[in-house]
Amino acid sequence: MSETVASSEVRYDAHAVEEKWLPVWERLDAFRADDASVVAGEKPKFYGLTMFPYPSGDLHMGHAEVMALHDVLCRYKKFRGFEVLNPMGWDSFGLPAENAAIKNDEHPATYTYANIETQFASFKKYGLSFDWSRRLHTSDPEYYHWTQWLFLKLREQGLAYRKNSPVNWCPNDQTVLANEQVLADGTCERCGAEVTKKELTQWYFKTTAYAQELYDSLDDLQDTWIPKVVNAQRNWIGRSEGAHVTFDIEGHDPVAVFTTRPDTLWGATFMVVAADAKLAAELVSDEQRQALEDYLVDVRKASDIDRLSTERPKTGVFLGVHATNPVNGERIPVWASDYVLADYGTGAIMAVPAHDQRDLDFARVMDLPVRRVVDTGEENPEESGVATNGNGSYVNSGPLDGLTDKTEGIRRAIELLEADGHGTGTVNFRLRDWLLSRQRYWGAPIPVIHCPVDGEVAVPEDQLPVELPELRGADLKPKGTSPLGAASEWVNVSCPTCGGPATRDTDTMDTFVDSSWYFFRYLSPHDGTQAFDPALAKAWGPVDFYLGGSEHAVLHLLYARFFTKAMRDMGLIDWDEPFSAYLSQGTVINNGHKMSKSLGNGVALGAQLDEYGVDAVRLTLVFASPPEDNIDWADVSPAGSAKFLQRAWRLAGDVTSAPGTDAAGGDVALRKVTHKTVHEAAQLLDTYRFNVVVARTMELVNATRKAIDSGCGPEDPAVREAAETVAILLSLVAPYTAEEMWERLGHQPSVAQAAWPTVDPALLVEDAVTAVVQIQGKVRGRLEVSPDISEADLESVALADPAVVKAIDGRPVRKVIVRAPKLVNIVV
RNA sequence: GCCGGGUUGGCGGAACGGCAGACGCGAUGGUCUCAAACACCAUUGUCCGAAAGGGCGUGUGGGUUCGAAUCCCACACCCGGCACCA
């Protein structure tokens, strides 16, 4: 860059500077986290975590943004005296490597570890403050050894189990998926294919065992996690309060339903069972059996699009049996319909058509009775066709008649049900157990052996890890069952219990299992004897700040929370939540759209780094917007960032005072700007407003430039103080430029090891402030006054000001509000 | 439909209930140059005005307050989550 610029301006070459400092930083190894000082409690700890990448190709813009943002905070915490743990690794199991291996007839590890080395080199060049001594890869046997160990621990607790159930199946990836991996439109989160259902025996983690706690402790995260993620988790877990009510059925065992409105039980005029639930087949009468089967054929034919439509007319079939309403003894018919879901609640509902729109729609189609039991003052639903669900007075509801409050009605109804044994108050969750087995190769094998005599047998701990057999190329072709099944010498083993012939489980674990505990492994990544050192977990945990993508709002974050709680209950750790604070960064887009090959609007990180240098790209990403907002690359200016960095750097060259010069006698005006900037920057950094920190640093650069050119001059000690402050603030975002400045200012590297500037409170006090004089709340004058002016003095000065007198224009002053020293408001 | 977040110049965005638009991008004018690029300087919410100065301005409509981008109520629109979840 610089050699092509014919200019009198002095500038530095961004690329030469990158080459220069990388080996120096390597030698200094300044970001290695010291366990001892944290275990001993000598220093406060800061565990900063940012989501580790999947090794597909090189790093891209998205990585650049999240890493740049995270680095700002970690470097700042180090300046503030924290012992910082900022590790990085790779989430290196997963399908892209497997698909590449099939295509190129090679082993997934080839693709995986080649990409890891590429990304590692890019990370280094990007100048991040990672402690690389803790680097890990989830696909290493040394890592998945402990993934398997944790699986077995969870299984011992009954938190990992196998069951046969209808599951989500991705026809493209040829594997099952967890609910969390199916998007709202019924497509695969990974590849976008339309997900279908299959009935299969699969492994599950019992996330539902922690549904209540996962939901409740969101309250504790409310203030430190970004709201949309807390909200997404609440919605996903889907807690709803209500009651189970038991209905006697003629000729069958009683059936329980879940309802959130037990107070409307007197208006239940029929019952509906999910058509595809076992219950429907059990209840149906012989005469109606054929009708139910015909209906089921129709239901299964309906496409997902139809199923997802809420406008679809209700359908169903009478099951030929009747139930008894427990509160009024009424005999009500039992129907089957697909508008009731088999896997939510009990798969059966009591229908209260007057107060539930879905039930009303169904009642109208099937000509079933509608009875209003809450009079809300609106038109009777029986006539209007619009169900009411607000507060109103209860009618036709026996003991509830006369009540007018819904909450009270629900409370009383539950009391009555519990008193005579017809039901109980209960809480229902939408969350399901996590389906964790996958029919693919490149993942951690499930460490279980199936024996015809002993059934499921855990692989003994001393035989872990169960390493993947060597398979490559065509052997990995998806065929609906796990490729591991083809490795017969691997599959066929003797039973650990009886020694007889047995077979290994051939499924591998969802890669989200690997990432559910990686933040523990960073604590002691090379420990061959345990998953992590409990003493280090106690010292470093939990993670103080976690930055990552919002696509993991439910997926990874929910799974990691589940793991943490389960591990706590196993006595492995003593904290409840893995991530004390969570922020998700926005996406880097281009021209209003997500970058994509099909749109041709991709911006290659490498090309940007080559053109503008690492620091300019990092600065651009941090300055563009608040961290959680999207950045449109078309709206930002890396060239402008590079220009600013040159301007900042030039300050260091202009300083003529010697290193170590006491700033005390320096220009007070500039010193005030410097100290105020440091003071505000600290507050802004503590609240993650990194873009504003950059703006404040720019202001300090501008003020320093002005002081050098047309103020106190380059030899003033205040100029040195300001330039050194700029270097320190800039080192959070632009480490190369900052290091250059630091060196030019006569200091030893590294600026990252410099002391955070001490703010002198005396310099935060202004000696003159601008007081605003308002008349009727509109600004009509400005006064330069002392910051400690009295209210009375300020009022009299304001009222005497000629501009104010003119604006008052002789009108009588009715009231004067004085907020010394900043404001006077005159009401006339 | 329910839940969460948002709406500020041409653009990205700043603003403890007290000077709206910091900082930057872009644009315009200028300096340098044979010229351009780079760099540097100046101007830049909008309307009226030659200027001084003034009117209007933070999605819309109300409210609280001496004073509202900021607090309250209602509405519109945008983004995200959930959704025939009983």
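Letters A, B, ... mirror the listed sequences (proteins, then strands); counts begin at 1.
Nucleotides of RNA chain B nearest to A:Lys822 and A:Trp236 differ in position, and the one nearer the 5' end is that of A:Lys822. If A:Ser625 and A:Arg780 are placed on RNA chain B by their nearest nucleotide, the residue sitting closer to the 5' end is A:Ser625.
At the heavy-atom level, A:Gln774 lies under 4.0 Å from base atoms of the strands shown. Across all strands shown, A:Asp635 has heavy atoms under 4.0 Å from sugar-phosphate atoms exclusively, and none from any base. The residue A:Val636 sits apart from the nucleic acid: no heavy atom pair falls under 4.0 Å. Within the 4.0 angstrom heavy-atom criterion, base atoms lie near A:Val340. A:Asp359 comes within 4.0 angstrom of nothing in the nucleic acid, heavy atoms only. Residue A:Phe362 is out of contact with every strand shown, counting any heavy-atom pair closer than 4.0 Å. Here A:Arg782 lies in heavy-atom contact (under 4.0 Å) with a base. Within 4.0 Å of A:Arg689, counting heavy atoms only, lie sugar-phosphate atoms of the nucleic acid but no base atom. Using a 4.0 Å heavy-atom distance criterion, A:Arg705 is classed as making no nucleic acid contact. When heavy atoms are screened at a 4.0 angstrom cut-off, A:Ser240 is found touching the sugar-phosphate backbone but no base atom. Counting any heavy atom pair closer than 4.0 Å across all strands shown, A:Asn428 reaches no nucleic acid atom. If you check every strand for non-hydrogen atoms under 4.0 Å, A:Ala232 touches sugar and phosphate atoms only.
If you check B:G67, B:A86, B:C40 against the side chain of A:Arg650, the one that comes closest is B:C40. Residue A:Asn235 places its side chain closer to B:C3 than to any other of B:G18, B:C84, B:C3. If you check B:A20, B:G13, B:A86 against the side chain of A:Thr259, the one that comes closest is B:A86. Side-chain proximity of A:Asn825 to the nucleotides B:C56, B:G18, B:C19 is greatest for B:G18. Taking every side-chain heavy atom of A:Lys778 into account, B:C56 is the closest of B:C56, B:A86, B:A15. With B:G13, B:A86, B:C23 as the candidates, the nucleotide lying closest to the side chain of A:Ile349 is B:A86. Closest to the side chain of A:Glu699, out of B:C23, B:A14, B:C84, is B:C23. With B:A14, B:G18, B:C23 as the candidates, the nucleotide lying closest to the side chain of A:Ile817 is B:G18. Closest to the side chain of A:Lys815, out of B:G18, B:G13, B:C66, is B:C66. Side-chain proximity of A:Lys643 to the nucleotides B:C25, B:G12, B:G18 is greatest for B:C25.
Atom NZ in A:Lys676 sits roughly 10 Å away from atom C1' in B:A22 (whole-Å rounding). When rounded to the nearest whole Å, the span between CD1 of A:Ile631 and P of B:G12 equals 13 Å. When rounded to the nearest whole Å, the span between CZ of A:Arg814 and P of B:G67 equals 10 Å. Rounded to whole Å, the distance from CD on A:Gln776 to P on B:U65 is 16 Å. Rounding to whole angstrom units, CD1 of residue A:Ile226 and C1' of B:G6 are separated by 12 Å. Rounding to whole angstrom units, CG of residue A:Asn630 and P of B:C11 are separated by 17 Å. Computed from coordinates, the A:Gln233 CD to B:G5 P distance equals 16 Å when rounded to whole Å. Protein atom CG of A:Leu684 is 10 Å distant from nucleotide atom P of B:C16, rounded to whole Å.
Pairing partner, B:A15: none, since no Watson-Crick or wobble contact has both distances short of 3.5 Å. In this structure, B:C84 makes no Watson-Crick or G-U wobble pair, since no nucleotide meets both defining distances under 3.5 angstrom. Across all strands shown, B:G4 pairs with B:C79; the Watson-Crick or G-U wobble distances both stay below 3.5 Å. In a base pair of the Watson-Crick type (N1 to N3 plus N6-O4 or O6-N4) or a G-U wobble (N1-O2 and O6-N3), with each distance short of 3.5 Å, B:C34 is matched with no nucleotide. When Watson-Crick and G-U wobble pairs are counted only if both distances are under 3.5 Å, B:U44 pairs with B:G26. With a cut-off of 3.5 Å on both Watson-Crick or G-U wobble distances, the partner of B:C71 is given as B:G63. Across all strands shown, B:G57 forms no Watson-Crick or G-U wobble pair with both key distances under 3.5 Å.
In terms of phosphate contacts, A:Asn702 brings no side-chain nitrogen or oxygen within less than 4.0 Å of OP1 or OP2 of B:A22. Distances shorter than 4.0 Å separate some side-chain N or O of A:Asn691 from OP1 or OP2 on B:A14. Contact between the side-chain N/O atoms of A:Arg430 and the OP1/OP2 oxygens of B:A83 is found at a separation under 4.0 Å. At the phosphate of B:G81, neither OP1 nor OP2 sits under 4.0 Å from any side-chain N or O atom of A:Lys228. A sub-4.0 Å separation between OP1 or OP2 of B:G24 and a side-chain N or O of A:Ser641 is absent. Between A:Tyr344 and B:A86, a side-chain N or O to OP1/OP2 separation shorter than 4.0 Å is present. The side chain of A:Arg647 places no N or O atom within less than 4.0 Å of a non-bridging phosphate oxygen (OP1 or OP2) of B:G24.
A cation-pi geometry, defined here as NZ or CZ lying under 6.0 Å from the six-membered ring centre and within 45° of its normal, does not hold between A:Lys314 and A:Phe362.
Spacing of P atoms, B:A83 relative to B:G18, comes out at 42 Å, to the nearest Å. B:G9 and B:C16 have their C1' atoms separated by 25 Å, with the value rounded to a whole Å. Remark: the separation of the P atoms in B:A37 and B:A27 is 11 Å, to the nearest Å. Atom name P, nucleotides B:G61 and B:U43: the rounded distance is 34 Å, in whole Å. Using C1' as the reference atom, B:G80 and B:G63 are 31 Å apart when rounded to the nearest Å.
No hydrogens or angles considered: a donor-acceptor pair under 3.5 Å links the side chains of A:Glu784 and A:Thr770. One side chain, A:Gln608 or A:Trp633, offers a donor N or O that lies under 3.5 Å from an acceptor on the other. Defined by atom type and a distance below 3.5 Å, a donor-acceptor pair is missing between the side-chain atoms of A:Asn825 and A:Arg819.
The aromatic rings of A:Trp649 and A:Tyr12 are tilted relative to each other, their planes meeting at an angle between 30° and 60°. Using a 30° and 60° split on the angle between ring planes, A:Tyr559 and A:Trp434 fall in the parallel class, below 30°.
The shortest distance between side-chain heavy atoms of A:Lys822 and A:Val772 does not fall below 4.5 Å.
A salt bridge between A:Arg705 and A:Asp709 is present, with a side-chain N of the basic residue lying under 4.0 Å from a carboxylate O of the acidic one.
When each of A:Val229, A:Ile226, A:Val66 is paired with A:Leu583, the side chain to side chain contact (heavy atoms under 4.5 Å, CB included) condition holds for A:Ile226 and for no other.
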>> Set out, in order, the CA-CA distance, both residues' side-chain angles and the distance that settles salt bridge (charged side-chain N to carboxylate O under 4.0 Å, His left out) for A:Arg782 and A:Asp801, then state yes or no.
In response: CA-CA 9 Å; A:Arg782 295 187 171 81; A:Asp801 185 77; over 6 Å; no
